[in-house]
There are 2 protein chains.
Amino acid sequence: MIRVVVVDDEQLVRAGLRLILEAAEDITVVGEAADGVGALEQAHRLRPDVVLLDVRMPGVDGLTAAPQVIAAGAKVIMLTTFDLDEYVHQALRVGAVGFLLKDTPPRDLAAAVRTVAAGNAMLAPTVTRRLIDSFAERGPARRDAARERLAPLTIRELEIVREVARGHGNADIARRLTMSESTVKAHVSRALAKLHVGNRVQLAILVYDADLL
Amino acid sequence: MIRVVVVDDEQLVRAGLRLILEAAEDITVVGEAADGVGALEQAHRLRPDVVLLDVRMPGVDGLTAAPQVIAAGAKVIMLTTFDLDEYVHQALRVGAVGFLLKDTPPRDLAAAVRTVAAGNAMLAPTVTRRLIDSFAERGPARRDAARERLAPLTIRELEIVREVARGHGNADIARRLTMSESTVKAHVSRALAKLHVGNRVQLAILVYDADLL
DNA sequence: TCCGGCCCGGACGGCGGGTAGGGGTCTTCC
DNA sequence: GGAAGACCCCTACCCGCCGTCCGGGCCGGA
């Protein structure tokens with residue numbers, strides 16, 4: 001049985017959600033709250049599997065409450081009437097695994113709760129679309145290309161180049177890796193030659209593109 | 001009526017998909033193909049709204065065919081038995097707006113076709129989950145923070161700092177922006193002071209995080 | 001044995017970063 | 001209207017760090 005808490009400032013919405021969810025035999029609504037504070041309190045006291053959290057609410061809103069609710073051990077599905085980019089970005093960043101519009105059909109809502117409870121994620125189709133778009137443009141296209149370029153480097157060289165990309169000077173790197181500054185210079189120099197770049201900034205750019213922190 | 005083409009190397013799978021989709025009254029399967037070449041041919045000839053494309057196929061597989069199918073004006077939903085990260089990344093990068101596993105229930109499959117035809121996107125829950133994860137860690141969190149840090153810079157300083165982040169030397173920058181090398185150095189120096197960083201590599205890192213190319 | 005990776009030293013030229021200051025425009029305040 | 005000040009852009013000069021080139025030594029594996 002999946003235990004759910006619904007949080008919304010409008011009592012009518014809460015009632016509607018409860019009605020929809022209770023209709024499913026494997027879901028039970030164990031609590032309600034009208035704002036972020038109540039949500040957090042219920043999350044700690046009732047230990048629900050899933051919390052449906054309205055984005056906008058008077059007092060502490062859903063977005064600010066979400067991180068702590070998640071920390072309390074619950075999966076969070078955000079609910080909203082409008083899927084503004086700002087909301088979505090922030091919600092997903094703080095760890096929400098669902099983002100639905102309030103016009104979601106009942107059966108999809110129940111399905112979302114099950115999906116999330118199972119450790120997966122569920123987004124409204126429009127949200128999914130935009131998430132894919134933002135992923136595609138920033139995709140791992142350059143990443144693979146950059147890694148290809150970094151391939152000829154030896155282990156040690158790569159290690160030093162990563163330090164370079166962190167913005168450290170040669171002296172710093174020498175200290176961190178406990179070696180002579182001359183050695184660091186030699187490694188950097190050979191890396192520059194292998195990668196056909198002129199200075200350490202371009203070195204850092206490559207490491208950055210390759211996504212190696 | 002949503003016009004669909006199904007592409008899979010196994011005839012049995014194609015028949016199954018056709019059966020499922022034809023059961024929906026607003027969907028009609030107008031064509032089938034067994035590989036990427038056939039998919040592209042059908043896409044051009046039949047102009048379907050949606051193409052269901054198997055990832056792995058003998059000959060030209062779905063991933064390589066997808067870009068051209070999309071270019072032909074169809075929405076693409078990728079199908080696969082295993083949701084390997086590599087597949088997902090590549091598929092979404094080339095413009096697929098759906099990614100489903102072959103164990104997707106019939107009604108979800110039809111729903112996915114409708115969703116995609118409406119211009120939105122539909123992913124398998126497990127895929128959505130991992131997409132969110134990769135978004136959260138690489139999200140616009142640092143971007144905004146970095147832009148905040150770069151705020152105190154003047155227009156000109158920012159202009160120069162961006163050149164720095166491209167890996168250009170001071171002399172290069174001076175030539176590009178038609179000013180003295182001394183001037184460039186001064187700007188860089190003041191930028192370093194304002195941002196409280198020690199060298200130009202860290203400067204480049206900030207610009208990179210801020211996503212200003 | 002030779003080869004390749006990893007480590008070190010020294011010296012040199014050039015680039016990078018700090019400092020000081022001149023000229024320009026705009027606001028503020030008398 | 002004019003002076004003071006703030007801010008930005010530009011420049012010249014000095015020095016430390018970076019990058020290169022020359023050495024060389026130590027190890028592991030083909």
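Here is the naming used below: chain letters follow the sequence lines, and residue numbers restart at 1 for every chain.
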Task: Nearest-Å distance for atom pair CZ/P, residues B/R190 and C/dT19 - done: 13 Å

TODO: Compute whether any side-chain donor of one residue and acceptor of the other, for A/N170 and A/R200, lie under 3.5 angstrom apart.
DONE: yes

Open item on the list: For D/dA12 and B/S180 - does any side-chain N or O of the residue sit under 4.0 Å from the phosphate oxygens OP1/OP2?
Closed with: yes

Task: Spacing of A/I155 atom CD1 relative to D/dG28 atom P, expressed in whole Å - done: 17 Å

Task: Given A/V207, A/V188, A/L206, the one that forms side chain to side chain contact (heavy atoms under 4.5 Å, CB included) with A/V161 - done: A/V207

Open item on the list: Categorize B/A186 for me: base, sugar-phosphate, or nothing, with a 4.0 angstrom heavy-atom threshold over every strand shown.
Closed with: base

Task: Nearest-nucleotide pick for A/H187, side chain only, options being C/dG18, D/dC8, C/dC7 - done: C/dC7

Open item on the list: So A/S182, base contact, sugar-phosphate only, or nothing? Heavy-atom distance under 4.0 Å.
Closed with: base

Open item on the list: Given 3.5 Å as the limit, does a donor-acceptor pair link the side chain of A/R130 with the main chain of A/D83, or not?
Closed with: yes

Open item on the list: Using a 3.5 Å distance criterion without hydrogens, assess whether the side chain of A/R129 forms a donor-acceptor pair with backbone atoms of B/G119.
Closed with: yes

Task: Below 4.0 Å: OP1/OP2 of D/dC9 and any side-chain N or O of B/T183 - done: no

Open item on the list: When you measure from the side-chain N and O atoms of A/N170 to the phosphate of D/dC17, is any distance below 4.0 Å, counting only OP1 and OP2?
Closed with: no

Task: Options C/dT19, C/dC8, C/dG16, nucleotide nearest the side-chain atoms of B/K185 - done: C/dG16

Open item on the list: If you compare every side-chain N and O of A/T154 against the phosphate oxygens of C/dG5 (OP1, OP2), does one of them come in below 4.0 Å?
Closed with: no

- [ ] Select one nucleotide: of C/dC6, C/dG17, D/dG19, the one nearest the side-chain heavy atoms of A/R156.
- [x] C/dC6

Open item on the list: Does A/E181 reach a base, just sugar-phosphate, or nothing at all? Heavy atoms under 4.0 Å.
Closed with: sugar-phosphate

- [ ] Can you tell me the distance, in whole Å, between the CG atom of B/N199 and the P atom of D/dG19?
- [x] 10 Å

Open item on the list: Output the rounded distance in Å from CZ (A/R200) to C1' (C/dC15).
Closed with: 12 Å

